[in-house]
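Below: one structure, written as structure tokens.
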Amino acid sequence: MGEETTSRGKDTESAELTPPSEFLAPCPKFRVLVLGNPESTKQELFSRVFGVDLEKKLVSDAFSATHDINLPLDLQGQNKRVEIFSSPNFFFPSPPPESGEDDPSYILAYATLRIVTDFIKAHTSSDTTAPLHAIWYCVSSADPDRPISAVEQYFFDHLSGIVPTHIPVLLLFTKYDEFVSQVQMEWIKSAQEKGMSKVAVAHILRDLVHKRFEDTIGKKWGQLLKSVDSGLVLEQARRDSGFGYSFGFGYGGSDRKDVLHLDDREVEEGGKKREVVRVLVGGGGESEQDWGGEPAWGGELAGVEEGGYGELVKRTLEGLKESKEVRRAFAAAQRCSAGVSSEFAAELASTYFDVDTGHARKLHGVDVRDIMPNFYAKAVQLFNLRDVSSVLEDPNLLVRILEATFGMHQRILVDDSLSHSSTEPSIFLGLSPHERAVLLAQGMAAVILFLHKLADVQWPHRDNSRGILPPATITAKDVQRVIDEIERGTEKRELLEEIESSPIFTSCRMRKEVADLIYGAVEKADKGAASHFTREARGKGTVMVDDSDLQEISLSFVNDKGPEDMVLPNGLRILPLN
């Protein structure tokens with residue numbers, strides 16, 4: 001059932017937990033083909049999404065015309081869950097040739113199309129051992145006048161004939177921050193000289209950037225995406241009418257034509273037209289301050305698309321409809337959104353519960369003491385943390401996480417569930433099936449919350465003063481700090497109460513409800529902790545914690561050296577004395 005396999009002994013039926021080492025075995029790597037030109041820099045893209053710190057020249061060389069598309073980027077062992085293949089897209093700028101027949105840019109673009117087409121065909125065949133999962137087509141926003149080449153038009157016009165419909169194709173507008181800076185340079189200085197407030201400038205600038213982007217870049221690419229598969233439809237119509245059927249693209253005159261031998265695939269899948277999603281990506285850089293502290297990529301494009309690396313991860317996942325294993329492979333490969341990893345970990349946690357009753361799988365012969373270590377070892381893989389020192393493999397870490405989350409009155413139950421077999425007398429066996437299920441769900445949610453917070457420590461690689469930072473490596477100090485935050489903070493109470501108050505363990509019939517409950521509890525705890533005030537005043541040693549039992553509050557910080565204001569647990573705001 002789900003993650004677990006069932007075997008029958010002589011007298012009883014028992015369940016065996018899938019070893020953690022086999023968890024990602026069905027799809028151990030996520031493979032993405034990235035198309036783009038060297039000027040549409042992907043260095044930051046790979047750093048922010050996959051957490052790999054690569055030299056700029058290495059990335060640029062991977063998008064040169066001489067690069068072998070069959071050789072994935074050398075990630076230098078930084079992320080073993082992903083393979084990135086690269087190629088220039090089908091636009092090679094060059095001076096206008098005197099003769100179309102001799103246009104080197106045109107010929108090179110077409111040759112690249114042939115190479116990419118052959119690569120896609122080889123990696124989507126039924127016998128391939130390295131299947132392709134997604135394609136990112138990168139266009140630089142820093143060059144708004146860049147035209148769409150005829151070969152690019154051909155690629156999208158025949159997209160479903162080149163790329164199977166189960167493989168998502170995303171159009172990425174990289175360097176969006178540079179586009180924002182260009183608009184700022186033209187407008188913001190004069191606006192400030194006219195005495196406009198920074199807030200007014202930020203709002204007007206945001207609208208202006210959106211309109212300028214749509215007028216210069218979005219409109220022409222939007223028209224291209226409207227024509228997706230139009231050429232394939234025409235070719236199919238010609239075949240159906242008896243006029244022959246072949247994919248061809250000519251260059252250098254009507255008497256010269258090479259034929260692309262593409263698969264005869266359906267244009268529509270389930271009656272729905274092939275969709276290519278647009279996503280804005282780029283660093284905020286200095287422009288973050290000019291936008292009132294909001295990242296330059298965080299707004300909406302024409303009221304429809306949100307930009308950003310987290311949005312890219314989300315949109316890629318939405319397009320991965322091939323199988324559950326592929327979605328899990330991408331979730332495990334990305335190092336951008338802890339929320340994505342938490343959601344998939346919650347889904348994994350739900351497989352340890354019986355579908356019909358919501359009770360712990362212990363009823364089917366698996367000891368709860370085996371479930372928690374098995375789940376922890378698999379969940380760590382989903383979060384794909386950089387842990388060269390192997391601090392996450394500490395055999396005592398799981399116990400430390402649970403002890404930090406549960407109160408003293410519950411720790412004896414936690415210890416009992418981790419140390420006693422189902423055949424041994426224990427306190428845990430005295431609980432009802434509902435109570436066992438609640439405790440198991442709370443323990444799994446505690447693990448997810450810990451990994452979620454740890455990922456948030458490691459994954460944000462941007463520093464406003466220093467730009468993109470190399471991805472951090474988890475240390476024992478980081479682990480201890482997160483455990484201390486959970487033990488002293490408000491998250492654990494939110495987490496435990498959310499699960500304990502739920503009635504689903506006596507009424508649910510689907511694993512998804514269990515997964516939603518666990519993920520919702522983690523999300524609520526995370527947001528709750530962020531919304532409450534927890535700050536230590538400098539030199540005063542005063543820590544404010546949102547706790548209903550808190551009776552005394554030191555007001556020694558209320559002076560000209562303390563914080564500007566403070567919100568108390570009852571909602572009252574304390575202002576500093578001047």
Side-chain angles (χ1 to χ4, degrees), residues 2-3 17 20 23-24 310 313 317 327-328 331-353 360-361 368 371-385 387 391-394 397-406 410 414 417-418 437-459 474 478-479 481-487 489-502 504-505 511-530:
E3 274 297 309
L17 295 171
F23 174 51
L24 295 175
V313 169
L317 275 170
R327 290 173 57 82
R328 183 176 289 171
Q334 63 90 27
R335 287 174 174 160
C336 178
S337 173
V340 167
S341 296
S342 294
E343 187 172 358
F344 274 80
E347 180 183 310
L348 168 65
S350 70
T351 64
Y352 293 88
F353 293 84
R361 185 61 68 86
V368 174
I371 289 179
M372 283 302 300
N374 185 278
F375 168 72
Y376 171 78
K378 292 176 180 177
V380 168
Q381 298 175 59
L382 280 173
F383 279 83
N384 193 19
L385 298 166
D387 177 35
V391 294
L392 298 179
E393 296 179 4
D394 178 0
L397 183 54
L398 175 60
V399 175
R400 291 165 59 197
I401 295 169
L402 297 177
E403 287 182 346
T405 306
F406 289 93
Q410 291 175 303
V414 173
S417 66
L418 291 174
V438 168
L439 183 62
L440 183 61
Q442 289 176 329
M444 291 179 171
V447 168
I448 297 174
L449 177 62
F450 166 77
L451 294 172
H452 183 108
K453 290 173 67 67
L454 197 61
D456 274 344
V457 169
Q458 179 186 18
W459 286 350
I474 295 298
D478 295 324
V479 170
R481 182 169 61 250
V482 172
I483 288 177
D484 291 343
E485 288 177 358
I486 292 175
E487 187 169 16
T490 61
E491 300 108 316
K492 62 180 181 181
R493 188 176 62 196
E494 300 264 13
L495 185 85
L496 299 176
E497 290 180 353
E498 182 74 8
I499 294 176
E500 187 173 4
S501 63
S502 173
I504 74 165
F505 292 105
R511 287 198 183 114
K512 187 177 186 303
E513 293 181 65
V514 178
D516 289 346
L517 172 65
I518 293 175
Y519 177 67
V522 172
E523 191 176 41
K524 182 178 180 180
D526 185 54
K527 290 181 179 179

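Computed over heavy atoms, backbone and side chain alike; hydrogens, waters and symmetry mates excluded. For clarity, every value in this text was computed on a predicted model and none was experimentally measured.
- Scored by the side-chain contact (heavy atoms from CB on, under 4.5 Å) test, Glu343 finds Tyr519 as partners (sequence neighbours excluded).
- In terms of modelled atom types and a separation under 3.5 Å, the side chain of Gln410 and the main chain of Leu439 share no donor-acceptor contact.
- Within the 4.5 Å cutoff, no side-chain heavy atoms of Glu523 are placed close to those of Ser342.
- Shortest non-hydrogen contact noted between Leu24 and Ala332 is CD1-CB, 4.1 Å.
- With Arg335 contributing its side chain and Asn384 its backbone, the two residues share a donor-acceptor pair below 3.5 Å.
- Rounded to the nearest 0.5 angstrom, Leu348 CG and Gln381 CD are separated by 9.5 Å.
- The two atoms that bring Phe353 and Ala437 nearest to each other are CE2-O, 3.4 Å, heavy atoms only.
- In terms of heavy-atom proximity, Glu393 sits nearest to Asp387 at N-OD2, 4.5 Å.
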Practice item. Check the pair Leu449, Thr405 against side chain to side chain contact (heavy atoms under 4.5 Å, CB included), reporting the backbone distance first and the verdict last. Key: CA-CA 10 Å; Leu449 177 62; Thr405 306; 5.8 Å; no
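- Nearest heavy atoms, Leu402 versus Gly443: CD2-O, 3.7 Å.
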Practice item. Dump the intermediate steps for side chain to side chain contact (heavy atoms under 4.5 Å, CB included) on Lys512 and Asp516, then the final yes or no. Key: CA-CA 6 Å; Lys512 187 177 186 303; Asp516 289 346; 2.8 Å; yes
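- In this structure, Phe23 and Asn374 have side chains that are not in contact, with every pair of non-hydrogen atoms separated by 4.5 Å or more.
- The NZ atom of Lys492 sits 9.5 Å away from the CD1 atom of Ile486 when rounded to the nearest 0.5 Å.
- When side chains are defined from C-beta on, Val479 counts as touching Arg400, because their heavy atoms get closer than 4.5 Å.
- Formation of a donor-acceptor pair under 3.5 Å by the Gln442 side chain with backbone atoms of Leu496 is found in this model.
- At least one donor-acceptor pair closer than 3.5 Å links the side chain of Ser341 to the backbone N or O of Leu382.
- In this structure, Phe375 and Leu440 have side chains that are not in contact, with every pair of non-hydrogen atoms separated by 4.5 Å or more.
- Applying the side-chain contact (heavy atoms from CB on, under 4.5 Å) rule to Ala338 yields the partners His452, Ala455, Asp456, Trp459; only residues at least two apart in sequence or on another chain are considered.
- Taking CG of Asp478 as the reference point, atom CD1 of Ile483 lies at 11.5 Å (rounded to 0.5 Å).
- Of all heavy-atom pairs spanning Leu418 and Pro373, the tightest one is CD2-CD, 4.4 Å.
- Contact between Phe450 and Ile401 at its shortest, heavy atoms only, is CD2-CD1, 3.3 Å.
- Glu491 CD to Glu485 CD: the interatomic distance, rounded to the nearest 0.5 Å, is 7.0 Å.
- Taking CD from Glu403 and CG from Leu398, the interatomic distance works out to 10.0 Å, rounded to the nearest 0.5 Å.
- Distance check, rounded to the nearest 0.5 Å: NZ of Lys378 to CZ of Phe383 gives 15.5 Å.
- The main-chain N or O of Ile499 is never found under 3.5 Å from a side-chain atom of Ser502 such that the two would form a donor-acceptor pair.
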